[in-house]
Amino acid sequence: MLWVKSFHIVFVASWFAGLFYLPRIFVNLAMVPAGSEAERARLLLMARKLMRFTTLLAVPAVALGLWLWWVYGIGFGPGNGWMHAKLALVLLVLGYHHACGVMLRRFEAGPVARSHVWFRWFNEIPVLLLLAIVVLVVVKPF
């Protein structure tokens with residue numbers, strides 16, 4: 001079980017690293033001046049590669065988490081309400097990941113109406129989700 005847990009933590013940390021950086025690329029894309037096609041193309045290439053890599057990291061992170069839950073029974077039984085809250089937050093992380101993909105496709109289609117300030121705030125969401133998930137797993141408040 002400790003091997004599965006170790007790899008789960010590594011893949012989750014790597015997945016979140018991508019989720020932390022991808023919206024930073026969106027901030028830069030939102031700030032690209034009109035006519036700077038080379039800069040825009042470079043940032044889009046970076047964003048596409050990072051999105052692909054981040055998605056590849058999310059799959060084993062989720063699969064190993066499900067393995068810990070179903071096979072080893074972590075979070076099952078009475079007094080494990082924290083796991084329900086954690087799973088709800090993981091669904092929100094998956095939704096955030098999907099939203100990043102949607103935003104990337106919008107950037108690829110052309111200029112986006114949202115400002116770089118909006119993307120700076122959007123960039124903070126995974127930090128808050130990770131904080132809440134770690135507190136739930138470590139503290140197990142309910």
Side-chain angles (χ1 to χ4, degrees), residues 1-76 79-142:
M1 174 179 69
L2 293 179
W3 283 101
V4 176
K5 192 182 286 189
S6 297
F7 282 109
H8 174 62
I9 292 168
V10 167
F11 280 107
V12 167
S14 302
W15 177 26
F16 269 89
L19 292 179
F20 292 156
Y21 192 66
L22 186 59
R24 290 299 308 162
I25 295 174
F26 295 162
V27 169
N28 292 328
L29 275 166
M31 294 174 62
V32 171
S36 298
E37 291 306 315
E39 182 180 0
R40 188 173 192 289
R42 181 180 53 82
L43 289 169
L44 282 172
L45 178 66
M46 288 172 54
R48 270 188 234 103
K49 287 182 176 185
L50 184 58
M51 184 67 190
R52 194 174 314 122
F53 188 64
T54 302
T55 300
L56 289 174
L57 293 167
V59 172
V62 171
L64 291 167
L66 290 172
W67 187 353
L68 288 168
W69 186 44
W70 284 336
V71 175
Y72 292 111
I74 293 176
F76 274 111
N80 286 305
W82 64 271
M83 180 57 87
H84 299 289
K86 177 196 173 204
L87 291 173
L89 291 174
V90 169
L91 288 175
L92 288 176
V93 173
L94 288 167
Y96 182 87
H97 185 121
H98 175 73
C100 286
V102 169
M103 288 179 195
L104 176 56
R105 286 189 293 281
R106 287 184 183 156
F107 272 113
E108 289 174 330
V112 176
R114 299 193 189 276
S115 73
H116 68 94
V117 174
W118 188 90
F119 286 105
R120 287 178 197 278
W121 284 103
F122 180 75
N123 187 47
E124 301 305 323
I125 294 171
V127 174
L128 299 174
L129 289 170
L130 181 61
L131 175 66
I133 289 169
V134 169
V135 167
L136 285 168
V137 171
V138 174
V139 178
K140 296 177 178 55
F142 46 89

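Model, not experiment: these values are computed from the prediction.
Shown here for Gly75 and Trp82, the closest heavy-atom pair between the two residues is CA-CZ2, 4.1 Å. Here the shortest heavy-atom pairing between Ile74 and Met83 reads O-CE, 3.3 Å. Taking every heavy atom of both residues into account, Glu39 and Pro33 meet most closely at OE1-CD, 4.0 Å.
Here Ala85 pairs with Leu136, Phe142 under the side-chain contact (heavy atoms from CB on, under 4.5 Å) rule; sequence neighbours left out.
To the nearest 0.5 angstrom, Leu22 atom CG is 10.0 Å from Met46 atom CE. With values rounded to the nearest 0.5 angstrom, Leu64 atom CG is found 10.5 Å from Ser6 atom OG. With values rounded to the nearest 0.5 angstrom, Glu37 atom CD is found 9.5 Å from Leu44 atom CG. Atoms NZ and NZ, from Lys86 and Lys140 in turn, are 9.0 Å apart once rounded to the nearest 0.5 Å. Distance check: Leu91 CG to His98 NE2 gives 13.5 Å after rounding to the nearest 0.5 Å. Taking CZ of Arg120 as the reference point, atom CZ of Phe26 lies at 14.5 Å (rounded to 0.5 Å).
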Side-chain donor/acceptor pairs under 3.5 Å, residues 100-115, sequence neighbours excluded:
{"residue": "Arg105", "atom": "NH1", "partner": "Gly101", "partner atom": "O", "Å": "3.4"}
{"residue": "Glu108", "atom": "OE2", "partner": "Arg48", "partner atom": "NE", "Å": "2.5"}
{"residue": "Ser115", "atom": "OG", "partner": "Val117", "partner atom": "N", "Å": "3.3"}
{"residue": "Ser115", "atom": "OG", "partner": "Trp118", "partner atom": "N", "Å": "3.2"}

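Aromatic ring orientation, Phe7 versus Phe11: tilted (interplanar angle from 30° to 60°). Relative orientation of the His97 and Trp15 rings is tilted, given thresholds of 30° and 60° on the angle between their planes.
Side-chain contact of Trp121 with Asn123: a donor-acceptor pair under 3.5 Å is absent, judged by distance alone.
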Starting from the C-alpha separation in whole Å, work towards a yes-or-no answer on side chain to side chain contact (heavy atoms under 4.5 Å, CB included) for Val62 and Leu66.
-> CA-CA 6 Å; Val62 171; Leu66 290 172; 4.0 Å; yes

Between Phe119 and Met31, does a side chain to side chain contact (heavy atoms under 4.5 Å, CB included) hold up when you go through it step by step?
-> CA-CA 10 Å; Phe119 286 105; Met31 294 174 62; over 6 Å; no

Assess whether side chain to side chain contact (heavy atoms under 4.5 Å, CB included) is satisfied between Leu19 and Leu130, documenting all intermediate values.
-> CA-CA 10 Å; Leu19 292 179; Leu130 181 61; over 6 Å; no

Would you please test Phe53 and Thr55 for side chain to side chain contact (heavy atoms under 4.5 Å, CB included) and show each step?
-> CA-CA 5 Å; Phe53 188 64; Thr55 300; over 6 Å; no

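Side-chain contact check for Ile133 versus Val12: every heavy-atom pair is 4.5 Å or farther apart.
Within a 6.0 Å radius of CH2 in Trp67, other residues, nucleotides and ligands contribute 12 heavy atoms or fewer.
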